[in-house]
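Heads up: the structure comes next, in structure tokens.
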Amino acid sequence: MRPAALLSALFLCLVAVAHLFRLLLGVELVVDGVVMPMWPSLLAVLGPGALAVWLWREQTHPAQP
């Protein structure tokens with residue numbers, strides 16, 4: 001696996017895990033006095049998580065020409 005692809009996959013996985021913990025632990029985010037809803041964290045688990053898995057699989061199982 002290329003180093004840049006590995007770092008990208010790990011970063012995306014870290015983002016997904018951080019948002020998963022926010023959902024599971026019920027951590028409240030306040031931005032400029034406004035409480036952020038939880039549903040964007042669900043998208044932030046699914047999106048980067050899926051991209052991390054996709055990138056990992058693409059690098060470990062390259063397409064055959």
Side-chain angles (χ1 to χ4, degrees):
M1 182 175 241
R2 296 183 196 145
L6 175 63
L7 286 174
S8 298
L10 289 175
F11 177 75
L12 289 167
C13 187
L14 180 66
V15 168
V17 168
H19 281 281
L20 180 63
F21 281 149
R22 177 180 184 237
L23 285 171
L24 293 176
L25 300 175
V27 176
E28 193 175 83
L29 268 176
V30 179
V31 178
D32 197 27
V34 177
V35 177
M36 298 301 293
M38 290 294 216
W39 67 265
S41 282
L42 180 60
L43 297 177
V45 170
L46 298 176
L51 288 173
V53 170
W54 187 14
L55 183 58
W56 184 269
R57 289 180 51 87
E58 185 177 272
Q59 294 300 313
T60 57
H61 304 293
Q64 300 298 324

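In the hydrophobic clustering of ILVMFWY residues, with side-chain heavy atoms under 4.5 Å counting as a link, Leu6 and Phe11 come out apart. Linking Ile, Leu, Val, Met, Phe, Trp and Tyr whenever their side-chain heavy atoms come within less than 4.5 Å leaves Leu46 and Leu51 in two separate clusters.
Between Leu55 and Ala5, the closest heavy-atom pair is CD2-O, 3.4 Å. Smallest separation of non-hydrogen atoms from Arg2 and Gln59: N-OE1, 4.1 Å. Of all the heavy atoms in Met38 and Val27, the pair that sits closest is CE-O, 3.6 Å. The shortest non-hydrogen separation linking Ala9 to Ala52 is O-CB, 3.6 Å. The two atoms that bring Ser41 and His19 nearest to each other are OG-ND1, 3.0 Å, heavy atoms only. Of all heavy-atom pairs spanning Val45 and Leu20, the tightest one is CG2-N, 3.4 Å.
Within the structure, side chain to side chain donor-acceptor pair (under 3.5 Å) pairs that include any residue of residues 23-38 do not occur (at least two apart or interchain).
With a 4.5 Å cut-off between side-chain heavy atoms of Ile, Leu, Val, Met, Phe, Trp and Tyr, the cluster of Trp39 takes in Leu43.
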